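The block underneath contains the structure these notes are about, expressed in structure tokens.
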Amino acid sequence: MATLEQPKYTKADFESANDVRWCPGCGDYAILSAVQSVMPTLGIPKEKFVFVSGIGCSSRFPHYMNCYGFHTIHGRALTVASGVKSINPDLSVWVVTGDGDGLSIGGNHTMHAIRRNQDLKILLFNNKIYGLTKGQYSPTSELGKKTKSTPMGSIDNPINPVSLAIASGATFVARTIDKNVKHMMEIFKEAAAHKGTAFIEIYQNCLIFNDNAFVDYTEKEVKDDHSVYLTSGKPLVYGKESDKAIKLNGFSAQSTGAKNGDLKNALIHDPTVKDKALAYVLGQMGVENPELPVAFGVLRKVEEPTYQDRLLDQEKQALSKKPNASIEDILNAGDTWVVS
Amino acid sequence: MAVTEDKHKNIEALEEATIRFAGDSGDGMQLTGGQFTNATAIVGNDLSTLPDYPAEIRAPAGSLAGVSGFQIHFSSKEIYTPGDILDVLVAMNPAALKANLKDLKPGGMLIVNTNAFNETNLKKVNYTSNPLEDAALQSKYKVFGIEISRLTQLALEGSSLSAKHVDRTKNLFALGLMCWLYTRPMEKTIEWLNQKFKDKPDILDANLKVLKAGYHFGETTEVFISSYKIDQAKIKPGKYRNITGNEATVLGLIAASKKAGITPLLGSYPITPASDILHELAKYKQFGFRTFQAEDEIAAIGVALGASFAGGLGITTTSGPGVCLKSEFINLAIKTELPLVICDIQRGGPSTGLPTKTEQSDLLQAMFGRNGDSPIPIVSASTPGDCFEAVFEAVRIAIKYMTPVFFLSDGYIANGSEPWEIPDANKLPNIEVKFRKEKEGFSSYLRDEKTLARPWAIPGTPGLEHVLTGIETEVTTGKINYDPANHDAMVKIRAKKIENIENDIPDIKPVFGGEKGDLLILGWGSTYGSICAATELLIASGHKVANAHLRYLNPFPKNLGAFLKNYKKVLIPEINMGQMNMLIRAKYLVDSQGLNIVAGKPLKVNSITEAAESLLK
Ligand code: SF4
């Protein structure tokens, strides 16, 4: 897409003049900065980016980008984004949502946008809490979580965002974390290059209402034992000493020793496997079975026609069958008669 | 098949007739009625139809809940309604008789399929004895008991079709018979059958045989003393087709989007009685018409609004329950000032209500059913054919004023049909779309001085990057702003912008009757036909009565207040509890009176004449 005449952008070109109003120290700042840093590298004219959001702390995002944006209503960003992209498939449409916006009130649209393979980049900021409404539990809050609305602890089972995305047939699913800016940027670039729905769960710390929700993956002392970073074609090795690996045992992942570089049984990562089962197993690790590390990186990446491809294809077919259709023809269709 | 009139024994000329075909929902009554309508249109009669079908897809066979009907009123004069009272009732089973007999006029013709009047069927609808043997029935109506099922079987003796398939063709016997009785040509039906069953020669053959058998039965038996003819109506010269309201809505949307030159996108979720618009529009991909069957009503309007943001024409179609779900998005469209057309094909409410029956009870929902002060233009259609022009207007206003617009139709005009003069596509007005291009002086809410519309700057345009939001924004910059004075100003600007549209719509004037008088009958929407017919009758009996019909429900025509004061009394008939009446009384302090019958059916002409006469006393 990049042409010679294309203006060279810098990060500053994507920063809006509006004051950023998230709480100081909020994980959202790092995500914003990572997105703004990636935009100039994508070779896409600035006016072709559109950021669509719903309601919540994360959904203020479009106001802080110097791009076209639509800050819509709670849970519905994906519907608006689907409409934008279906009228002008040439645009690069990014959706910013959160665990409440995208999985609670807007859960239905998440499933359906994904199954249609809408060509949208979905950034789901998961802070496991409602921030904007000041601290109620969210659909990703863990069982037993005490919040303002669950004084005795939550009795709802949480949902794992990537599980939902994979089950819905997402063609690109990844997980990253606010504290690892370099990783976020890599994932955003890869998502931008993907044709079809790219679903990215971003662990984001809400220091006001749910601080330290992700310390296991950010604190120097412990993070290496609790996270495994996925690289296509590489074994799943982790641990402070790179002394552990993930192997498959039937339909489950297991941790195994990888001492002395013994990687005989280690799973080699391949996100392009069509079958969803493997990505699903990786997505569950550490979330639904806490003894394993959480997987960061691209869980699934397969190629399929996008909704927009299919839409335009049908339009072309219809046009080739009836190339010269005019309003006159359709007004005068069917049985007609003349009164004189 | 050549059907010539000389085969008719004795032809009596009539001015008009109203016929209802009624049977089980599996009996093909809608199809029979539809084909009879086409034949009637070809003859050149004016006509109006009223399909009436059950809400259940397949209610138990032979039950009252499963009765499906199709009514047609046709005439050599101009007519406005599908008729209050039936001249002929064709009843295919006891349930159809029970459900419909009350609408047959005394002395009217009752044609029944006697084979269906067996013990089982009679029991299903609690007839303890066969009503056809009832002397009172025989003396009150002209009863024609015909063995339609058996005659159908006889016509197909030796056919390879199963007994079930044979029985399914009996509606064509009834159609053939009625075509003979009212001297309608069958060529179009034959053509249609040929097309429909071109790959199933045995079914085609059976259908044609039974259709002709019905016709010949009328001709050769002595059952009917005469047949009838109804001369061509003197309708305005032009080229016509028969059209339903939903079909006209589809054509209006396509024509308007072509005239605007932008890509239309319909976001819709299936709902009765609006789904046909989605089905039809999905067939016009060669016009670049994009249809999106969404996961729910909310998503449907969401994609439409996204489409408008990106420079397309966003449209959503639904009925009342769907509007409930869409209201938050309608408000976002009002706040972000994007064009959007919301087609509400009203049905009986509240809640699920009467999905297949008609009502005009979403007016106040359209007007006020949202949080905050949220003004929105409303355009309504008054007849099936009028849907074309009304929805075209909705598109024009949406684009010109950068606003969502409600288009109100209802189940009656959506499914009812009438002859429609095909408009000349070249004479349709252009709808000007002004996408903002210049960077210089751009501000997302800097308004056009005349229309107060904000600029439409679409993604992909360099230098006009901006963010729209549902949060209150500053008067010109469109930046988030919580200042009290700014909010007050914005609320008033939004109201003013919609009020201003009154300068861009025609004045109201009487349809029938004079500019002054004793009584004005004011209507809107699908009551048009009944009100016109009633007004003509009242004028003919010497009353100083006029009627006027509103297309624009928000804002109202500029002269409406003064116009109302030219009449001593105002009557507002509505198929709701007085919603328009409330708006008129509130806005103009006029002591208007309502006529409110909310029975899921069009208003009857005589209900209106009676109400008018009691006011005129
Ligand atoms: S409430 Fe939490 S998520 Fe919201 S801005 Fe503050 S820190 Fe960030």
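Fair warning: this is a prediction, and the values are worked out from it, not measured in the lab. In the text below, chain A, chain B and the rest are named by the order of the sequence lines, each starting its count at 1.
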Is any side-chain heavy atom of [X] closer than 4.5 Å to a side-chain heavy atom of [Y]?
| X | Y | value |
| --- | --- | --- |
| B/Phe309 | A/Val50 | yes |
| B/Asp296 | A/His109 | yes |
| A/Leu312 | B/Arg290 | yes |
| B/Pro419 | A/Trp337 | yes |
| B/Ile298 | A/Thr79 | no |

Can you tell which part of [X] gets under 4.5 Å to a heavy atom of chain A, answering side chain, backbone, both or neither?
| X | value |
| --- | --- |
| B/Thr336 | side chain |
| B/Phe388 | side chain |
| B/Trp420 | side chain |
| B/Phe292 | both |
| B/Ile480 | side chain |

Distance from [X] atom [atom1] to [Y] atom [atom2], nearest 0.5 Å?
| X | Y | atom1 | atom2 | value |
| --- | --- | --- | --- | --- |
| A/Phe14 | B/Glu465 | CZ | CD | 9.0 Å |
| A/Thr336 | B/Ile42 | OG1 | CD1 | 7.5 Å |
| B/Ile458 | A/Tyr68 | CD1 | OH | 8.0 Å |
| A/Asp329 | B/Phe287 | CG | CZ | 6.5 Å |
| A/Ile327 | B/Lys258 | CD1 | NZ | 7.0 Å |
| B/Thr469 | A/Arg60 | OG1 | CZ | 7.0 Å |

Residue pair A/Lys321, B/Lys285: steps toward the side chain to side chain contact (heavy atoms under 4.5 Å, CB included) verdict: CA-CA 10 Å; A/Lys321 273 186 208 143; B/Lys285 294 185 169 53; over 6 Å; no
Evaluate the criterion side chain to side chain contact (heavy atoms under 4.5 Å, CB included) for residue pair A/Arg76 and B/Val303; output intermediate values, then yes/no. CA-CA 9 Å; A/Arg76 319 298 173 199; B/Val303 292; over 6 Å; no
Looking at B/Lys236, B/Glu247, B/Glu295, B/Lys239, which has the largest count of heavy-atom pairs under 4.5 Å with chain A? B/Glu295
Give the member of B/Pro459, B/Pro237, B/Ala299 that has the highest number of heavy-atom pairs under 4.5 Å with chain A. B/Pro459
At their closest point, which heavy atom of [X] faces which heavy atom of [Y], and how far apart are they?
| X | Y | answer |
| --- | --- | --- |
| A/Leu331 | B/Ala425 | CD1-CB, 4.1 Å |
| A/Ile87 | B/Ala310 | CG2-O, 3.7 Å |
| B/Gln286 | A/Ala325 | CG-CB, 3.7 Å |

Test side chain to side chain contact (heavy atoms under 4.5 Å, CB included) on A/Glu47 and B/Leu464; report intermediate values, then the result. CA-CA 8 Å; A/Glu47 65 273 12; B/Leu464 303 188; over 6 Å; no
Side chain, backbone, both or neither: which part of A/Lys46 has an atom under 4.5 Å from a heavy atom of chain B? both
Please report the C-alpha distance between A/Ile330 and B/Leu251 in whole Å, then the side-chain angles of each, then the deciding distance to 0.1 Å, and finally whether the side chain to side chain contact (heavy atoms under 4.5 Å, CB included) criterion is met. CA-CA 8 Å; A/Ile330 58 163; B/Leu251 296 182; 3.9 Å; yes
